[in-house]
Amino acid sequence: MFGLPAFRKRPRSRSRFSVQGNQARDLRAWAEAAEQYRRHLLLMPGDGPIWVQLGHMLKEGGRQSEALLAYGQALELNPGDPDLLLHLGHALLATGNSQGGIERLREAAVAGSAQARRDLYTLFGESIAGLVPKGDPAPAPLLSDLGRHVTALRATDCHDVAIDGRDRLKALSHDPWIVFEWKDGAQPTTPMALLTIETAVFDADIPPIAQIYVDCGNGFNERDSTHFSFTAGKAAILLVDPASIYQIRFDPDERPSLLGLPRMTVTPLADTDEIERVVRDDAPVDVDMDRLLELLRNTIARDEAKPQLPSHALALGFDLGRAINFSHDYRHWLARNGAPRAADYERMAEMAAAFRIHPRFSFIIPAYNTPPHLLRACLDSLLEQSYGEFEICVADDNSPDRTVLETLADYAARDSRVRYVARPFNGHISAASNSALALATGDFVVLVDHDDLLPDYALFVLAYYINRHPHADIFYSDEDKVTLEGYRVQPYFKGRFNQFLMYGHNMVSHLGVYRRALIEQVGGFRLGLEGSQDYDLTLRCLEAAGPDSIVHIPHILYHWRIMPGSTAMAADQKGYAVVAAQSAINGHFERTGLPFRSIEGFAPGCTGIRPSRQFDTSVSIIIPTRNGYDLLEPCVASILERDAANTEIIIVDNGSDDPATLAYLEKLAERDEIRVVRDPGEFNFSRINNMAARAATGDILCFLNNDTEVISADWLNRARAFLSLGEIGMVGARLLFPDGTLQHFGIALGMGEHRVAGIPHLGLDGHLPGYLGKARLLQEVSAVTAACMFVRRTDFLAVGGFEEELRVAYNDVDLCLKIREMGLKILADPDITLVHKESRTRGSDKHGARAKRLDEEAAWMRRRWAERLDNDPYYSPNIDLGRIDFAYAADPRVPWPWAERADGA
């Protein structure tokens, strides 16, 4: 209900992306909402209102420069729109462009925006009066009538509202609003206040969705707003720090409608007990009350070091769930987990003194035409490291801007740890990195871009992990991004090193730290791979040192600067980097003899792989069934329609009695490549499949549900190619529900009600990338579903097959864990894609005896695998195991080093 321009060039259409963007927006997941809106705009680039919403989300996420681009695109579609000019003006002001911001606000005021007029007078006073038309104010009688039943506030402006002769408020458009200011002496100075709104709702079938905005000096924005509906004609909104609120805007509905003229009262809340009582009375029954009260107390105490309520306006009974839902709010996650306290630095010093190894670090920075203030910020962040054993090695790549060398000379003169070289000609980033590397004398090399930042504890954490893993050669950490305005956004919480995920994108990236001797052994940075030179370096170091020498540090130690033209802004900003990445990966395949080629991925910044040749390993496809002709027939047909050479299909009939199914099985049994075997006993998935596996002749077993249909043409060749590698023990597929949403793509351990396993991204639109592309990228996982899994028959028999005590559930997870205990990897391949209709011939496990059996099998898994289940190496400890949408864990499962009991020495 942010004011949207009235775009007229083409009608607005919805897509699943715009709907998901709206849902993310309402959860204040600004980055996720922006991502969904971007995808919608790829389909509908002329949808002006979504360009505006994208601008709003980018602005709320601190990405002001990107917001300007979105607003600019919207302005091209609808030149002169006053609301759009207003948003663009505020975005320009936020980036420091005062002249441009004032001009846009002036244009908005000229075009009729009363809000722009007020903002200009608020920001700049009477000095701006000559440039701004006064405009036609809202009629005084209307404003008087709107405030007839309002205490403490007076109506000062309105838009698209009217009052009929029966004392009813009419919302005339999709953007009606009334602005209120405080009456003289009525503004509360208490920590909080309660705004109560009472009205009559005339359309019970489509009740109004209202919204309150509060202006705390920066205009009206989504962050300080709250949606609500009326319960029995009443709504209550908690105003946080009302003394800081200049104006309140009431949007009675998001569509034309009719409701009673509202009665509005403001009650100051001074006493903490009184505030808690009000919140308890109106909070939803399922709210985490202890957590909510903690946030209330932090907010009242103004303790900025602790998480607080996320908005100056919260609708009680409607919006309080959001108040404690920090699942995608990185700002609040950082407030809880992001920075050490003074006592923590003292602890760091004690721990560092006790380290057995005191590694020396060399920061390697290639610099070229770096804006001086960003270069200084980068160097300052390095010099402020709490662990002091380091040097800074910078190579200026013949920057035309001489202030770069002047800045380096200044820092080198002030601190002997700063060393630099001025290259006589421009050789690009690989050559410059090698020049900086030639200056290095440390034990480990730390790669840093010339405009990025490190937190001051980064080297201490690195030294701590080096002491824990003294034989490791490569370390990498989690990372986030930092805007030009200094906001930290878009964290990448990673898992342990995942070689096959590395073939889809550079999961190591920042912060990347390498033993200097290893970099020298592989010859430093290779020329000709600029843009992915660190990607190539990691792959060559992997070849030399092996994956066991790579250690993941599950803490954010790097802030990647978002700038226009940087891949931190968008993966498609540097097309040459993607080409270089494919060259680096293909070079790696050629050197290692892996039978693959790197190809273009599903989205910019990602790559895929395909087998470089055809494989003919024999495959036995095992399909259990009981009746279900309507499912089995399309399943088998989808196999036979594709290349099924050197393949046998074994159908295990578990007591079918349906005539159509029996006739179909009889017909299938006549084919040479199909066998039908009978197992008429009680359903036991493990026993049935074990029996069929013993009878199979193929070198590879494919366990397949009867309610699946194959989509991928080369599914068997891909499985054969991966299982030709001795290190791979199992390959799983990407399964989609019939509606195209994701049903299975890898299993994460420790999730779900039973803390056994869960399905990340469950229900996600199958076209979407998911968290950092992980719903669409090849990767190693802890387990895959037996609805479609491939395994070598020798390995399957060696581990004893499926555990027959697990008759229905978790037998696939158990098998995967046994395969992993052999030292083998489990792969989830997004390009082996099937439709899965979810166990329709067997029914649900959620009720009755089946639910009891599920509980028993989960308990069995916990007894056998508890340690494994509690520590999925591929699932970040910073991601919440209680959710499937990669929400941030309120309490990460791996604490900061200074919070651990042991000192790590």
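These values consider heavy atoms only, across backbone and side chains, with no hydrogens, waters or symmetry-generated copies.
Checked options F796, W715, F722, F703; the residue passing with F790 is W715 (criterion: ring-ring contact (aromatic ring centres under 6.0 Å, His included)).
Using modelled atom types and a 3.5 Å distance limit, the side chains of Q743 and H836 yield a donor-acceptor pair. Inspection of the D452 and Y558 side chains reveals an N or O donor paired with an N or O acceptor under 3.5 Å. Of the N and O atoms on the side chains of N878 and H555, not one donor lies less than 3.5 Å from an acceptor on the other residue. In summary, the side chains of T441 and E391 do present a donor paired with an acceptor at a separation below 3.5 Å, with no hydrogens or angles considered.
Closest non-hydrogen pair, L518 versus A545, comes out as CD2-CB, 4.1 Å. Considering all non-hydrogen atoms of both residues, I474 and C541 come closest at CD1-CB, 3.6 Å. Between A432 and A395 the shortest heavy-atom distance is O-CB, 3.2 Å. Between M861 and L806, the closest heavy-atom pair is SD-CD1, 3.8 Å.
Between Y457 and W898, the gap from one ring centroid to the other is short of 6.0 Å.
Under the 3.5 Å distance criterion, the side-chain polar atoms of N467 are matched with a main-chain donor or acceptor of R356. The closest donor-acceptor contact from the side chain of R496 to the backbone of P873 lies at 3.5 Å or more, if one exists at all. The closest donor-acceptor contact from the side chain of E780 to the backbone of K825 lies at 3.5 Å or more, if one exists at all. Under a 3.5 Å cut-off, the side chain of S433 and the backbone N or O of P366 do not form any donor-acceptor pair. Of the possible polar contacts, one joining the R540 side chain to the G524 backbone as a donor-acceptor pair under 3.5 Å is found. Judged by distance alone, with hydrogens and angles left aside, the side-chain atoms of R793 form a donor-acceptor pair with the main-chain N or O of G698 at under 3.5 Å. Formation of a donor-acceptor pair under 3.5 Å by the W896 side chain with backbone atoms of N337 is found in this model. The closest donor-acceptor contact from the side chain of S477 to the backbone of I553 lies at 3.5 Å or more, if one exists at all. For Q779 (side chain) and K774 (main-chain N/O), a donor-acceptor pair under 3.5 Å exists by modelled atom type. Judged purely by atom type and a 3.5 angstrom limit, D456 has no side-chain atom pairing as donor or acceptor with the backbone of S386.
From L834, atom CG reaches atom CG of L736 across 8.5 Å, with rounding to the nearest 0.5 Å. In this structure, the separation between CG on L777 and CD1 on I609 is 11.0 Å, given to the nearest 0.5 Å. Annotation: the span from L817 atom CG to L869 atom CG amounts to 6.5 Å, rounded to 0.5 Å. To the nearest 0.5 Å, atom CG of residue D480 and atom CG of residue L557 are 10.0 Å apart. Here CG of N871 is found 13.5 Å from CH2 of W865. Values are rounded to the nearest 0.5 Å. A distance of 7.0 Å separates OH in Y503 from CG in L539, rounded to the nearest 0.5 Å.
The salt bridge (Lys or Arg N to Asp or Glu O under 4.0 Å) pairs that include a residue from residues 498-519 are D473-R515, R516-E520, where partners are two or more places apart or lie in different chains. Residue pairs that meet the salt bridge (Lys or Arg N to Asp or Glu O under 4.0 Å) test with at least one member in residues 601-614, sequence neighbours left out, do not exist here. Every pair tested for salt bridge (Lys or Arg N to Asp or Glu O under 4.0 Å) that includes a residue from residues 550-560 fails, sequence neighbours excluded, so the list is empty.
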Side-chain polar contacts of residues 595-606 - donor-acceptor pairs under 3.5 angstrom, sequence neighbours left out - could you list them?
from: R597; atom 1: NH1; to: E590; atom 2: OE2; distance (Å): 3.0

Enumerate, atom names and distances included, each donor-acceptor pair closer than 3.5 Å involving a side-chain atom of residues 505-512, sequence neighbours excluded.
from: H505; atom 1: NE2; to: Y492; atom 2: OH; distance (Å): 2.9
from: N506; atom 1: OD1; to: V508; atom 2: N; distance (Å): 3.2
from: N506; atom 1: OD1; to: S509; atom 2: N; distance (Å): 3.1

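Looking at residues two or more places apart in sequence or on another chain, you find a ring-ring contact (aromatic ring centres under 6.0 Å, His included) between F493 and W333, Y888. With sequence neighbours left out, the ring-ring contact (aromatic ring centres under 6.0 Å, His included) criterion links F361 to Y387. The ring-ring contact (aromatic ring centres under 6.0 Å, His included) search around H761 returns F886, not counting sequence neighbours. Taking R792 as the reference, D795 meet the side chain to side chain donor-acceptor pair (under 3.5 Å) condition, with sequence neighbours excluded. Residues that satisfy the salt bridge (charged side-chain N to carboxylate O under 4.0 Å, His left out) test with D831, not counting sequence neighbours, are R718. In terms of the ring-ring contact (aromatic ring centres under 6.0 Å, His included) criterion, Y514 has no residue partners (sequence neighbours excluded). With sequence neighbours left out, the side-chain contact (heavy atoms from CB on, under 4.5 Å) criterion links A472 to H469, F475, V551.
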Stepwise, does the ring-ring contact (aromatic ring centres under 6.0 Å, His included) test hold for F460 with F355? CA-CA 10 Å; F460 166 78; F355 286 159; 5.8 Å; yes
Taking it one step at a time, do E803 and R864 satisfy salt bridge (Lys or Arg N to Asp or Glu O under 4.0 Å)? CA-CA 12 Å; E803 173 56 60; R864 178 166 183 175; 3.7 Å; yes
Steps toward side chain to side chain contact (heavy atoms under 4.5 Å, CB included) verdict (I728, F500): CA-CA 11 Å; I728 304 302; F500 285 82; 3.7 Å; yes
Let me see the working for L382 and I365 under side chain to side chain contact (heavy atoms under 4.5 Å, CB included), right down to the final yes or no.
CA-CA 11 Å; L382 305 184; I365 306 176; 3.6 Å; yes
Kindly determine whether C816 and M789 satisfy side chain to side chain contact (heavy atoms under 4.5 Å, CB included), including the steps that lead there.
-> CA-CA 10 Å; C816 290; M789 65 161 52; 4.2 Å; yes
Evaluation steps, side chain to side chain contact (heavy atoms under 4.5 Å, CB included), between R820 and M730:
CA-CA 9 Å; R820 286 182 57 208; M730 189 176 290; over 6 Å; no
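For the pair Y476/H552, a side-chain contact is recorded, criterion being any heavy-atom separation below 4.5 Å from C-beta on. Contact annotation: the side chain of L749 approaches that of V813 to within less than 4.5 Å [non-hydrogen atoms, C-beta and beyond]. Looking at E727 and Q499, their side chains come closer than 4.5 Å, going by heavy atoms from C-beta outward. Contact of the R862 side chain with the V756 side chain is registered, since non-hydrogen atoms from C-beta on lie closer than 4.5 Å. Side-chain contact between V448 and I364 is absent, with no heavy atoms from C-beta onward closer than 4.5 Å. Side chains of L537 and L529 form no contact here, defined as non-hydrogen atoms less than 4.5 Å apart. Between L542 and M502, the closest side-chain pair of non-hydrogen atoms is not below 4.5 Å. Contact check for Y771 versus P760: no side-chain heavy atoms found under the 4.5 Å cut-off.
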